[in-house]
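Just below is one structure, and these are the notes that go with it.
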4 protein chains.
Amino acid sequence: MNFKSDNAAGVCAEVLAAVNEAAGPSAGAYDDDRWSRRLDAAFSDVFGARCTVFPVGTGTAANALALAAMVPPFGAVACEAEAHIHVDECGAPEFFTGGAKLLLVPGEHGRLTPERLAAGLAAHRGDVHQVQLAALSLTQATEAGTVYAPDQVEALAGHAKARGWRVHMDGARFANAVAHLGCHPGDVTCRAGVEVLSFGAIKNGGMSAEAIVVFAPDLVEALRFRRKRAGQMPSKGRFLAAQLLAMIEDGVWLRNAAAANAGAQQLAAALASRLLHPVEANELFVKLRPGEPDRLRAQGFDFYDWGDAGSDEARFVVAWDTPAAEIAALAAALQQ
Amino acid sequence: MNFKSDNAAGVCAEVLAAVNEAAGPSAGAYDDDRWSRRLDAAFSDVFGARCTVFPVGTGTAANALALAAMVPPFGAVACEAEAHIHVDECGAPEFFTGGAKLLLVPGEHGRLTPERLAAGLAAHRGDVHQVQLAALSLTQATEAGTVYAPDQVEALAGHAKARGWRVHMDGARFANAVAHLGCHPGDVTCRAGVEVLSFGAIKNGGMSAEAIVVFAPDLVEALRFRRKRAGQMPSKGRFLAAQLLAMIEDGVWLRNAAAANAGAQQLAAALASRLLHPVEANELFVKLRPGEPDRLRAQGFDFYDWGDAGSDEARFVVAWDTPAAEIAALAAALQQ
Amino acid sequence: MNFKSDNAAGVCAEVLAAVNEAAGPSAGAYDDDRWSRRLDAAFSDVFGARCTVFPVGTGTAANALALAAMVPPFGAVACEAEAHIHVDECGAPEFFTGGAKLLLVPGEHGRLTPERLAAGLAAHRGDVHQVQLAALSLTQATEAGTVYAPDQVEALAGHAKARGWRVHMDGARFANAVAHLGCHPGDVTCRAGVEVLSFGAIKNGGMSAEAIVVFAPDLVEALRFRRKRAGQMPSKGRFLAAQLLAMIEDGVWLRNAAAANAGAQQLAAALASRLLHPVEANELFVKLRPGEPDRLRAQGFDFYDWGDAGSDEARFVVAWDTPAAEIAALAAALQQ
Amino acid sequence: MNFKSDNAAGVCAEVLAAVNEAAGPSAGAYDDDRWSRRLDAAFSDVFGARCTVFPVGTGTAANALALAAMVPPFGAVACEAEAHIHVDECGAPEFFTGGAKLLLVPGEHGRLTPERLAAGLAAHRGDVHQVQLAALSLTQATEAGTVYAPDQVEALAGHAKARGWRVHMDGARFANAVAHLGCHPGDVTCRAGVEVLSFGAIKNGGMSAEAIVVFAPDLVEALRFRRKRAGQMPSKGRFLAAQLLAMIEDGVWLRNAAAANAGAQQLAAALASRLLHPVEANELFVKLRPGEPDRLRAQGFDFYDWGDAGSDEARFVVAWDTPAAEIAALAAALQQ
């Protein structure tokens, strides 16, 4: 029973149907097809604001391309200390930006605040001997499974803009965040000051497409070229576009995310005081009891150890398609 | 009727079936799945030599990653003057290598020879003031729609190795080349000295997967990291692997390519003396008559103008699934 | 007797005196000293236009930094086919720009024209699959020892600007060009549309300082950071600044260059019809007679073979301090 | 009275004499001169081991080139949290390496230990999703003005080598460290496992030359090209070489450093319990009393505030040529 990651979940029916439909005879190459041409309008509808959408093959590519469009090679990106862009992308942001730096600020339950940013970057002078802070990257939902509310995003984006920084959001689990908040997706992105969103679809029932959603028109042009140059512009672009359309056109993305979130809440209820962070999306970080990790694994539950070696901390992730029976079984096992 | 490019062709039944099969419930992430684990063995069977396979999303990524593993940032890659890596990848090789240069050598009907390499690079001194030649990149089939025979590849690779250069092959239409030659695929790759092959699948009935096939074990390690860092390691890697397996495990790749080649031969017969290059794969380069491009387009044939403006040169490409009726119609129209 | 290169010439008295003067006790670090602070004004006086000056240690650094400020990583620089930035900088422009490409256009006697640019780049489509032309780099004096007149620079810069390209001038031998033209230095730079000049001093009697002279204010900011990041901002910046001031404040640069040019004219008179290019600066390109290279070397003259092996072509360079007796001796030897 | 930095100190007589001597008529270009040719032997004598020396124009260039030769673009360098390469080089290491990361480990009084490295990097998994640790960079003397003893360097280098990392030493104040230790310079470098040393000369009475001293022969070849490509190979290389020879051939480097260290000890005696770190080289980090910074500045002493704003911490640096009277005056002022 897989609670390791939503990375490996199945593909939802709507996405699979769209892929099959797009497989038919010849269409235009390089985004000159009827799916790709609909992307901007479809996402603009969802976000309630004009945006330009670039499909890419991985979240790493989405994040790194977005940051490369925002910061010069001598620039720096402020992000949370555990941000995926720092910890899990093998230096992709440094590669795509031409060597910009990430400056790390510890959050609380994964969330940054303007105060934490100010304190964490106080020692950065910004003179000619140092890289120049040029962007803020937020993760929504955060690496701790928590979610930024609209006013929190707005405050952080305001802090960034007052300093001339661009604002990026890594939304690998953006759908889970919006499903939790119940807000309009624009409320935590374009209306709150986010200029580029890495819109995650793969963990949420997609197959092989993520989207860079660009709300800042001045960043569009460079991204077209950077995407091609990065080998992220497939000739049969219709397969990426079709997946993304299937995800967003009938609310599939929110339904899938809500299912995952609900499963996580079921587990959260079983874990109660043992939770390390509030459960607001589909991830749970837990302090297990000594011996419990082994016992759970012996019962067939697969999950990641977390934190320091020997800490008995663990991460459980519920996917959009995690079987209800498996969730119930894990909840029961955790309450023993 | 589309004779512009095989880039936009349909997806063959075998590939589509494989994608659907892989869409089922949760599997391991990041190539830890039963499809990805079979890739190396399946390609090793086809090529008759141990190789390591990295699936990626575009041919541009395959080429640029391969070259980045082969040459240092202060290196240079020798290639034909019209090579895709120079003309059509928006500088991806320069990006992935950290700024290596491509040194261009004009071929004959798209083919390089050791003599042409020697002459074309004679002025390159290679002292500390110049980039260091470190790789040769061949295109198979060539940009002129011709094909290197095994002894031609061997001679070129021998020339390269005598100078300490690595040998790369851009095989965006590798299947068409092998189908034309009727040889063992190893004869024009590993047995002839090619160390990394960009194995094209998308133009040939695939959906979204190309493969980097690595015959030189010392290049494998760096490619693992470079691939991840480039955002070319998808979490649901099974969808790329499944496509590639479907392509190669039952000879689908050669059947599809043979179909495209046969269509091209049918057109070649109709064009005879008007051909600019021998037709050996699925592309035709033609000198049309004044007014003929417009007439053909008026009849519904879509294709690219080629060569200098006003030259009436054109390129026609036959895909694996170009309808027989359309090929016949074009052949007839060209003979009017 | 050295006619190989002005690269290795001596240091003129004025520059040496300035270095000695600057060696005294402690001054401000990192350009916070009285020499560095005078640079902008001194160069602005010479060029008759406000400019910002960044001293660097080599011409390669000057060129590569200038281009990096002008073109994005997915950009391209149009330049003459033999340009130093392409042939002799070990890929520095590709390194500093993050992988931009140089697109080569053959000149006539080293000189580009708008017509040659248009013809040489006609095949470059500039769509998303190709790098984007973003700058023109001219070499003054050219690699063939010729010089662009003001109206020629203006026409080329106009051609560039009409296409949205920035204009760079590699002035490794800029002083020789201006001394030849007898014009105001602004006439072939800022007034003619050049936006950044790599001002060469080292070949012309300097010791270790070249200058990036920036006429386009929007390029200044990025250059400050790129220079530091490239390790081209020395802590004791006064030594670079003092050299540059000594060069330009009393016309030393033009006197030195005129001396070198005069020596070259003396040799040109002796070579007459054997010259491969007009002699307009301090370099001569010559077709020698069979056996003559060996004979000259046996007489103690040192110079570079040029052109293809066995062509008996040679390059002679006269430096600002080449002894008159050596010039006379070479002239005599060439007339035998 | 300048106690801000040794960066801005004067040039010692020996170096200045050497520069003047090298200024004479024409010599070979690009290190083909009698000074440059002697460098390897001279440094090999000093270090008691064969080494190859590359002169460059700044410490930033020395560090960044050294690291670029050691780590791949997907690599990481472990260093102390306040290391100059992280804090004060505007991202030069990221630029030169093609985007490698620096992983920061807090030291004690600026010094790392194997235990601190192990603890600080425990969370770094090193799988394919992360950059690969490939080098350790030590600073000698440290950023806190302390010095690594030979056995400390040896233990750290051993820790690195056991993990397959290369070992770099940033020796901007290497002379001060050796003068303090009284050991053979090889004892804290080549004999202790350091493979490349950035040998600082400029702060210590030099004018414009630093040296990359390479003890690991396999790193030499790439550095030749990277140095040229970085614009760090001046045509009149004799001026850099002559400075370095003057520094090391008669022990000037150690005499200058000893003078600076002695001045620092004089101030340390006056500061006693107010020192934040042991004084082992020529830098002092001090907790001043409220109001004292202003008072000292009013008395004409110039120095940097350090630590957090309002902390009253300060840094004083003594240079090789800081006048004895100024040191005495500062000592007196600090004891009031």
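Residue numbering restarts at 1 for every chain, and letters A, B, ... go by the order of the sequence lines. A quick note: this is a predicted structure, and the numbers were derived from the prediction, not measured.
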ask   = chain B: which of Ser208(A), Gly57(A), Ala61(A), Ala230(A) shares the most heavy-atom pairs with it under 4.5 Å?
value =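 When all of Ser208(A), Gly57(A), Ala61(A), Ala230(A) are compared, Ala230(A) has the most.
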query = Do you know which of Val11(A), Asp32(A), Val56(A) has the most heavy-atom pairs under 4.5 Å to chain B?
reply =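 Heavy-atom pairs under 4.5 Å are most numerous for Val11(A).
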Under a 4.5 Å heavy-atom cut-off, does chain A meet the side chain of [X], its backbone, both or neither?
X	result
Phe96(B)	both
Phe239(B)	side chain
Ala64(B)	neither

query = What distance do Arg224(A) atom CZ and Cys90(B) atom SG have between them, rounded to the nearest 0.5 Å?
reply =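 If I round to the nearest 0.5 Å, the distance is 9.5 Å.
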message = So, taking the atom named NZ in Lys203(B) and the one named NZ in Lys236(A), what distance separates them when rounded to the nearest 0.5 Å?
response =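 Here the rounded value is 9.5 Å.
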Identify which of [options] forms the greatest number of heavy-atom pairs closer than 4.5 Å to chain A.
options	result
Thr58(B), Asn7(B), Asp6(B)	Asn7(B)
Arg229(B), Arg226(B), Met207(B)	Arg229(B)
Gly237(B), Pro323(B), Gly91(B)	Gly91(B)

Gly28(A) backbone acceptor or donor facing Lys4(B) side chain under 3.5 Å =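 Pair absent, no side-chain N/O of Lys4(B) close to backbone of Gly28(A).
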ask   = Side chain of Lys228(A), backbone of Thr60(B): donor and acceptor closer than 3.5 Å?
value =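 No, Lys228(A) side chain to Thr60(B) backbone: no donor-acceptor pair under 3.5 Å.
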request  = Step through the shown structure and confirm whether more than 12 heavy atoms of other residues, nucleotides or ligands are within 6.0 Å of CD on Glu82(A).
outcome  =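 Open: at most 12 neighbouring heavy atoms sit under 6.0 Å from CD of Glu82(A).
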request  = Provide the closest heavy-atom pair for Ala8(B) versus Ala29(A) in the form atom of the first, atom of the second, distance.
outcome  =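 Distance-wise, the nearest heavy atoms are CB-N, 3.6 Å.
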Review item, side-chain donor-acceptor pairs of residues 299-306 of chain A, under 3.5 Å, at least two apart:
| unit_1 | atom_1 | unit_2 | atom_2 | d |
| --- | --- | --- | --- | --- |
| Gln299(A) | OE1 | Arg295(A) | NH1 | 3.0 |
| Asp305(A) | OD1 | Arg297(A) | NH1 | 3.3 |
| Asp305(A) | OD1 | Arg297(A) | NH2 | 3.3 |

